[in-house]
Amino acid sequence: MIGRPFTARACANIALVKYWGKRDGVRNLPAAGSLSLTLDALTTVTTVRFDPALAADAMTLDGAAASAKVLARTTTWLDRVRELAGVTTRAAIDSVNHFPTASGLASSASGFAALALAATRAAGLDLDGAALSRLARLGSGSAARSIYGGLVRMHAGARVDGDDAIATPIAAAPAFVADLRMIIAEVGGGAPKTHGSRDAMDHCAATSPLYAAWVACLDGDLRAAEAAIAAGDLEALGAVTEGSALAMHAAAIASRPTVLYWQPATLAALAAVRELRGRGVGAWATMDAGPHVKVLTRAGDGAAVAAAMAAVPGVTAVTTATAGPGVEPA
Ligand code: DP6
């Protein structure tokens with residue numbers, strides 16, 4: 001019944017094989033697939049209520065009115081939900097990020113995943129995971145993956161209309177997934193990021209001489225990551241994870257002008273991860289559209305990795321995350 005509020009919770013995810021580049025900006029279709037781990041420690045809780053008394057959508061983010069840019073993006077996205085539900089009613093949206101550290105940690109992924117469930121239910125729809133993933137993708141590509149928990153595969157989508165560019169859960173051994181840890185080393189006190197990922201990936205695709213090489217390595221990396229998961233081989237998964245992040249950043253850094261997210265502490269954290277590996281600790285780094293370093297490891301090594309990250313000068317906070325659930329009512 002339209003008019004009733006609905007609240008949903010979604011976790012952020014960190015890509016092990018990165019999404020960086022689109023083949024269609026309007027439908028937000030990725031240039032290739034990606035693969036991620038949904039994380040319990042980073043969640044967004046969103047409430048949506050369609051209200052006939054509203055003349056326009058209204059939104060708060062972490063208790064304050066959302067910026068005009070965020071509201072415009074959300075309204076455009078909600079129009080698709082209204083179209084599916086056959087309504088024109090405007091909505092009130094309240095979204096709160098429960099992140100242990102400040103910005104730069106994939107809040108658009110948990111944000112649009114939570115919004116997809118909350119808005120469709122509030123509009124009286126009851127969509128399956130595939131339809132929710134497709135809707136979330138229209139808001140943000142990485143959000144399509146946060147519909148599901150654990151290890152998740154995003155598909156590039158083969159058909160012309162891109163309708164099958166959705167995420168699906170990976171059937172991994174539960175013990176393998178339960179043993180995974182992601183140690184999040186915040187660099188720079190969570191200052192706002194310098195280049196938003198959407199503009200940065202478009203700029204990279206348009207100007208980086210390494211962009212084509214980056215896209216060309218994705219299918220092989222995805223196959224290698226899926227084989228590693230099937231075999232329960234964390235060393236192999238870790239190697240692909242670190243390789244994919246470095247290849248993405250190499251392409252981004254080569255953009256003209258450059259898209260360089262790293263700070264000195266980012267490199268110091270990367271060196272610390274290599275040093276851990278030299279001591280026989282299974283630890284592999286990944287970085288997104290910000291200076292933070294996230295380290296994939298196993299439960300037994302989590303404390304050693306967290307301590308090593310905390311000791312890096314310039315690392316301002318360290319959080320340990322485990323595999324989290326998919327989007328759910330809250
Ligand atoms: C570096 O999902 O934020 O985190 O689809 O334009 O909203 P849009 O991009 P977004 O990009 C995420 C980029 C990344 C890598 C990843 O999560 O795969």
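These numbers come from the heavy atoms of this one structure, side chains and all, not from hydrogens, waters or symmetry mates. Indexing begins at 1, ligand by ligand and atom by atom, following the structure's order.
Distances from ligand 1 to the non-hydrogen atoms of Ser34 include no value under 4.0 Å.
Of the heavy atoms in Arg73, only side-chain atoms (C-beta onward) come closer than 4.0 Å to ligand 1. Under 4.0 angstrom from ligand 1, the non-hydrogen atoms of Lys22 all belong to its side chain. Residue contacts with ligand 1, taken as heavy atom pairs separated by less than 4.0 Å, involve Ser142 via backbone and side-chain atoms alike. Contacts between His249 and ligand 1, counted as non-hydrogen atom pairs separated by less than 4.0 Å, are absent for every part of the residue.
Residues Thr297 and Arg181 bring no donor and acceptor atom of their side chains to less than 3.5 Å of each other. Side-chain N/O atoms of Thr168 and His155 include a donor and acceptor closer than 3.5 Å. No donor-acceptor contact under 3.5 angstrom links the side chains of Thr38 and Arg145, judged on distance only. There is no side-chain donor-acceptor pair under 3.5 Å between Ser255 and Ser208. Side-chain polar atoms of Asp94 and Thr47 form no donor-acceptor pair below 3.5 angstrom.
Every N/O-N/O distance between Lys18 and ligand 1 stays at or above 3.5 Å. The shortest N or O to N or O distance between Ser140 and ligand 1 is under 3.5 Å. The shortest N/O to N/O separation between Arg198 and ligand 1 falls below 3.5 Å. Residue Met248 has no nitrogen or oxygen atom sitting less than 3.5 Å from a nitrogen or oxygen atom of ligand 1, judged on distance alone. For ligand 1, none of its N or O atoms has an N or O atom of Asn13 under 3.5 Å away.
Under a 4.0 Å N-O distance rule, the pair Glu235/Arg298 qualifies as a salt bridge. A salt bridge links Arg134 and Asp163; the closest N-O separation between the charged side-chain nitrogens and carboxylate oxygens is under 4.0 Å. One finds a salt bridge joining Arg121 and Asp126 here, because a Lys/Arg side-chain nitrogen approaches an Asp/Glu carboxylate oxygen to under 4.0 Å. Under a 4.0 Å N-O distance rule, the pair Asp221/Lys18 does not qualify as a salt bridge.
Every atom of ligand 1 with a heavy atom of Asn28 under 4.0 Å away is listed here by number and element: 5 (O). Atom numbering of ligand 1 starts at 1 in the shown order; those under 4.0 Å from a heavy atom of Ala15 are 16 (C), 17 (O), 18 (O). Every atom of ligand 1 is numbered from 1 in the order shown, and the set under 4.0 Å from a heavy atom of Met201 is 9 (O), 11 (O). Taking every non-hydrogen atom of Gly141 and a distance limit under 4.0 Å, the qualifying atoms of ligand 1 come out as 2 (O), 5 (O), 7 (O), 8 (P).
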